[in-house]
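Numbers here simply count residues along the sequence, with the first being 1. Start at 1 and go down the list; that is how both ligands and their atoms are numbered.
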Amino acid sequence: MTFTDQLAAAWQDNDSLLCVGLDPDPAKFPAHLKGRDDAIFEFCTAIVDATADLACSFKPQIAYFAARRAEDQLEALIAHIHEKHPGIPVILDAKRGDIGSTAEQYAVEAFERFRADAVTVNPYMGRDSVEPYLAFPDKGVILLCRTSNAGGSDLQFLDVGGEKLYQRVARLAAEQWNTSGQIGLVVGATFPAEIARVRQIVGDMPLLVPGIGAQGGDVEATVNAGKTAKTTGLMINSSRAILYAGQDENYAAAARRAAQETRDAINRYR
Ligand SMILES: O=C(O)c1cc(=O)[nH]c(=O)n1[C@@H]1O[C@H](COP(=O)(O)O)[C@@H](O)[C@H]1O
């Protein structure tokens with residue numbers, strides 16, 4: 001099954017546009033996990049198992065694993081998701097971007113080593129830097145377009161001949177690069193007007209929308225700006241607000257409550 005088909009099924013089956021972000025920071029773990037060699041895996045699998053029926057996707061952020069020499073735990077975590085929750089696609093958030101020959105290695109890393117269903121990619125180096133990911137026909141490739149951080153405007157808002165750079169990225173992706181229907185775009189929830197503009201440009205293309213929860217993005221404005229005619233089309237990511245909703249050994253139950261509230265809040269505006 002392709003990433004796009006899997007995502008469409010998860011939207012439907014779980015009645016959810018919520019992407020649960022997996023950004024494990026051991027400094028924020030409950031006391032009983034501290035010091036354990038497998039703490040990152042244990043923390044994340046408990047969150048995954050507690051929220052899988054409420055999510056349309058999981059998004060592990062690779063830096064949180066690599067910084068702790070825990071890539072083996074990332075591999076094990078993604079294997080666990082595939083085995084226990086096979087309907088939920090995994091987006092590896094790696095934001096890679098390099099010349100084609102190096103991008104080939106990043107694509108192998110994301111799709112063969114980590115077995116992700118999709119990967120985030122920085123499109124700054126252009127079409128040939130994105131093509132090696134597209135060579136995996138059943139995988140998703142999610143390009144940064146209008147990021148959620150304030151500094152994203154430094155470059156993404158530059159005028160490039162009558163339109164802004166993020167609009168050009170959306171147009172290139174939709175009109176020239178997406179010949180196989182594998183591409184999605186990242187548009188931050190902190191910029192709903194830009195979500196609406198991107199939606200106009202790209203039709204029904206899936207949008208990964210981080211920035212609700214800890215970054216303060218508005219759920220109602222995000223859904224109204226980004227939903228498609230089928231009231232799907234969005235993977236609205238929340239990481240810290242779900243992962244660290246509880247601080248003690250009941251953290252997974254607290255994460256479930258936070259995920260449920262977020263899923264339901266999103267659904268109110270669909
Ligand atoms: O590609 C991303 O996922 C991403 C793009 C972006 O523009 N902004 C953004 O916050 N992210 C990621 O989304 C997650 C947001 O986490 P929270 O702010 O804790 O919900 C982090 O993993 C970020 O790296």
Cation-pi, F157 ring and K164 (6.0 angstrom, 45 degrees):
yes

Between A63, P210, G21, flag the one that comes closest to atom 11 (N) of ligand 1 by a heavy atom.
P210

Specify side chain, backbone, both or neither for D93, according to which of its non-hydrogen atoms lie closer than 4.0 Å to ligand 1.
side chain

Look only at the side chain of D218 and the backbone of A221, and say whether a donor-acceptor pair between them is shorter than 3.5 Å.
yes

Tell me the protein heavy atom at minimum distance from atom 20 (O) of ligand 1, and give that distance in Å.
S239 N, 2.9 Å

Mind checking ring-ring contact (aromatic ring centres under 6.0 Å, His included) for Y251 and listing every partner two or more places apart, or none if nothing turns up?
F43

Are K59 and ligand 1 in contact, using a heavy-atom cut-off of under 4.0 Å?
yes

Region of R240 that comes within reach of ligand 1 [heavy atoms, distance under 4.0 Å]:
both

Can you name the atoms of ligand 1, numbered from 1 with element, that are less than 4.0 Å from a heavy atom of N237?
13 (O), 14 (C), 15 (C)

With heavy atoms of T147 as the reference, note each atom of ligand 1 found under 4.0 Å away.
7 (O)

Would D49 and H85 satisfy side-chain contact (heavy atoms from CB on, under 4.5 Å), going step by step from the backbone distance to the final call?
CA-CA 8 Å; D49 293 344; H85 313 287; 2.7 Å; yes

Quick one: side chains of residues 198-217, donor-acceptor pairs under 3.5 Å with protein atoms, not counting sequence neighbours, listed by atom name and distance.
residue : atom : partner : partner atom : Å
R199    : NE   : G226    : O            : 2.7
R199    : NH1  : G203    : O            : 2.6
R199    : NH1  : M205    : O            : 2.7
R199    : NH2  : M205    : O            : 3.4
R199    : NH2  : G226    : O            : 2.9
R199    : NH2  : G233    : O            : 3.0
Q200    : OE1  : R197    : NH1          : 2.5
Q215    : OE1  : S148    : OG           : 2.7

Could you state whether F191 and L165 fall into the same hydrophobic cluster, counting links through intermediate Ile, Leu, Val, Met, Phe, Trp or Tyr residues with side-chain heavy atoms under 4.5 angstrom apart?
no

Tell me: protein heavy atom nearest atom 2 (C) of ligand 1, and distance?
K95 NZ, 3.3 Å

Compare all side-chain heavy atoms of L143 with those of W177 and state whether any distance is below 4.5 angstrom.
yes

Check each atom of ligand 1 against the heavy atoms of D23 and keep those under 4.0 Å away; list them by number with element.
14 (C), 16 (O), 21 (C), 22 (O)

Numbered atoms and elements of ligand 1 in range of S238, under 4.0 angstrom, heavy atoms
20 (O)

For ligand 1, the portion of S148 having any non-hydrogen atom under 4.0 Å away:
both

Heavy-atom nearest neighbour in the protein, as seen from atom 10 (O) of ligand 1, with distance rounded to 0.1 Å
Q215 NE2, 2.8 Å

Residues E261, R257: salt bridge by 4.0 Å N-O rule
no

